[in-house]
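We name chains A, B, ... by the order of the sequence lines, and we start the count at 1 in each one.
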There are 2 protein chains.
Amino acid sequence: MLDERSIKVLWAVINSYINNPDPVGSRYVTRKYSLEFSPATIRNIMADLEELGFLSQPHTSAGRVPTDKGYRFYVENLMDENVCCHKGLIDSLTRRLEDLREDIYTLLDETTRTLSSHSHYLGIAVSPGPDGSTLRCIELIPYSDDRIAVILFTNEGIIKHKILKNNFSFSRNDLNRIARYLNKEFSGYTIREIRQRLLEEMARDKELCDTLISQALSLCGDVMSCYGANVFISGLTEILELPEFSDIEKIKEISRTIEDKHAVIKLIDSLANAEGVQVVIGAENTVEEMKALSIITSTYKEGDKPAGIVGIIGPTRMDYSSAISLVDVTARFLTEILDEGGQEWRRER
Amino acid sequence: MLDERSIKVLWAVINSYINNPDPVGSRYVTRKYSLEFSPATIRNIMADLEELGFLSQPHTSAGRVPTDKGYRFYVENLMDENVCCHKGLIDSLTRRLEDLREDIYTLLDETTRTLSSHSHYLGIAVSPGPDGSTLRCIELIPYSDDRIAVILFTNEGIIKHKILKNNFSFSRNDLNRIARYLNKEFSGYTIREIRQRLLEEMARDKELCDTLISQALSLCGDVMSCYGANVFISGLTEILELPEFSDIEKIKEISRTIEDKHAVIKLIDSLANAEGVQVVIGAENTVEEMKALSIITSTYKEGDKPAGIVGIIGPTRMDYSSAISLVDVTARFLTEILDEGGQEWRRER
DNA sequence: ATTAGCACTCTAAGGTAGGGAGTGCTAAAT
DNA sequence: ATTTAGCACTCCCTACCTTAGAGTGCTAAT
């Protein structure tokens, strides 16, 4: 499709632009990348590349800038794959996440911080949602006369708690019986499956009229209902340093976008089921406010099920190769951590 | 100290500047506030006020701008105290916090959102730290072969959990016994007191050699050690709209400052023990990066002990009267919520 | 096919002039 | 003695212009 010369030039332009967001001129390319052609030749090539949609000019008589299509080609064909191992990243991940193995929310929060400080873009992570999480066990604890603390453990290490007001007053024994029942029935299922079964069981138990059990089911349902995916984003400070965000309006837009976690979940969800690292460049994005940004994500897994997502959001002018491997390594790392946490449990069964 | 005329003028300047951050001129004051003097007279008064340090000029031949000292005088003497009841605020607080009574972290997070959306400044909240929180009860739950989930309930509604790796394998019965012991010993004490006692007991128990108990104590200590105050800040989007933050550098500074939660805690801590609403204006602040900002805080209480802090951070040109009552109302509201949550418990004892 | 040369285009930066808002001072008015 | 009108002056802000520089596209020569 493209001859070798064109590829060299395209690579040079993108490489240069990634390091420094100034339109790239023909003279600069010949000098800096010591190509064996004169600026005039490069100009011709660039004109061709522009016609093909890989480059564009901010205005006549400015240098060239890569288009989204250009970046896409770069990511798929030209990128430097063998980025050095992320020793520093692994180090900080292990160091910072050491004590957090079992508290996945804090773990993900720290992960986004690590991602953003290493990439200098936004770090993002989505916790396992109800569909993927497997219930490990439920505990019911008397909290006060008319309140019960319900605590949910999942394999992914998410602990969800809620305190429920209750009309009946349960003894500790009652609660233990209920918990035993719930655990027997539901542990090992995903939250989504449990929700489904709850609906059925509750319909059935209406007739059985076993107060304790039906109470238990309703308790369980209450907690489940507040179970959703959580989004973590950090690194605003990092991207404020980038020249493309020196404009207040853009910052406002980004800030609004990332404060609206629902929008982010929607955005990210479409990538949840893909294998490996996903790259969405600029206008490939379906969300209007993100058309100037690129997103790199990967899923981390619990066992062999995709659990949640980690990634990086940055300008389209992104250091793709390093960002991609950063995300890749991080996702693997999280998968590993979750595995350690889950192993004994799976062995046990 | 100031005659009535001067006060009127000072009030007018500050009032005008709060609504619109342009230096206030003499002509504008006479027009807008229909004072019974000519611009020339106002000019003389303003010159006096400047000499006294209440006003300043950005440059010769610009209008006047209030100084920190001016704001201070305004807050203490001139402010419109009887701001209308914050019906809207109370409404959204009740609506948004209804289901969160017992999960204080989510509660505080939502509180900052409500504060920032009502004030259009930054909303801030600090959760009860170890010193103030009273332990309600401890639960120990087997998590896997060699791990135990420790769950801490406090009166303030904070639930802290941690999963601990353990060398011994405890049966459920063991854990229940340990939990009973711990509850008997420690519930009703503040976290700080417990930490203190733990140290003593552990020293003593070395000789007693009751493995179970000393294990229990060490478990308890482990969880306590991760018990610190949490800071919540939100509303960056709000203050991006303010004209004083149209400069990227200022935004960077603020963003850095609020991302550094330790600094914020340090800053806020000095206000923790004061009664009622605290107002810190601009350079009165001890933290360098905050010298252009004002902070309004109040403590919410659990029972009669101050538990944590809520507040607003904004530009010195802040709508103090509404911000102050906003913070006041919110703090009272939180206190009330915590009271409801705690009442039964205290009654029980 | 490539390159040197050249005219042309567009931006970014710096400099200048004019308008406008506001002041301080002085002298007149109350 | 206080207040006010009048006026000269100061300073900022904006718009406008100019210039330098970087880069292009085209043409003609290699």
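- For the residue pair A/Thr41/A/Asn44, the side-chain donor-acceptor check at 3.5 Å is not satisfied.
- Among the heavy atoms of the strands lying under 4.0 Å from A/Phe37 are primed sugar atoms or P, OP1, OP2 only; no base atom is included.
- A straight line from NE2 of B/His59 to P of C/dG20 spans 17 Å, rounded to a whole angstrom.
- Taking every nucleotide of DNA chain D with any atom under 4.0 Å from a non-hydrogen atom of chain B, the first and last of them, 5' to 3', are D/dT3 to D/dC12.
- Residues meeting the salt bridge (charged side-chain N to carboxylate O under 4.0 Å, His left out) test with A/Asp91, sequence neighbours left out: A/Lys87.
- When rounded to the nearest whole Å, the span between CZ of B/Arg31 and P of C/dG22 equals 10 Å.
- Judged by distance alone, the side chains of A/Thr316 and A/Ser294 never bring a donor and an acceptor atom under 3.5 Å apart.
- Comparing B/Pro58 and B/Arg43 by the nucleotide of DNA chain D whose heavy atom lies nearest to each, the residue mapping closer to the 5' end is B/Arg43.
- Between A/Glu4 atom CD and C/dA1 atom P the separation is 18 Å, expressed in whole Å.
- At least one side-chain nitrogen or oxygen of A/Arg5 sits closer than 4.0 Å to the OP1 or OP2 atom of C/dT2.
- B/Thr297 and B/Leu271 get closest at one heavy-atom pair: OG1-CD1, 3.5 Å.
- With DNA chain C read from its 5' end, the first of the two nearest nucleotides for A/Ser38 and B/Met46 is the one closest to A/Ser38.
- Legend: residues meeting salt bridge (charged side-chain N to carboxylate O under 4.0 Å, His left out) with B/Lys291, ordered by chain and number and at least two apart, are absent.
- Between A/Ala40 and B/Asn44, the residue whose closest nucleotide on DNA chain C is further toward the 5' end is A/Ala40.
- Proximity of B/Ser26 to the phosphate of C/dG22: no side-chain N or O atom is located under 4.0 Å from OP1 or OP2.
- At least one cation-pi condition fails for A/Lys250 and A/Phe245: the charged atom is not both under 6.0 angstrom from the six-membered ring centre and inside a 45 degree cone around its axis.
- Map B/Glu36 and B/Thr60 each onto its nearest nucleotide of DNA chain D; the residue landing nearer the 5' end is B/Glu36.
- No hydrogens or angles were tested; on distance alone, a donor-acceptor pair under 3.5 Å links the side chain of A/Ser61 to the base of C/dT9.
- Using cut-offs of 30° and 60° on the angle between ring planes, the pair A/Tyr33 and A/Trp11 is perpendicular.
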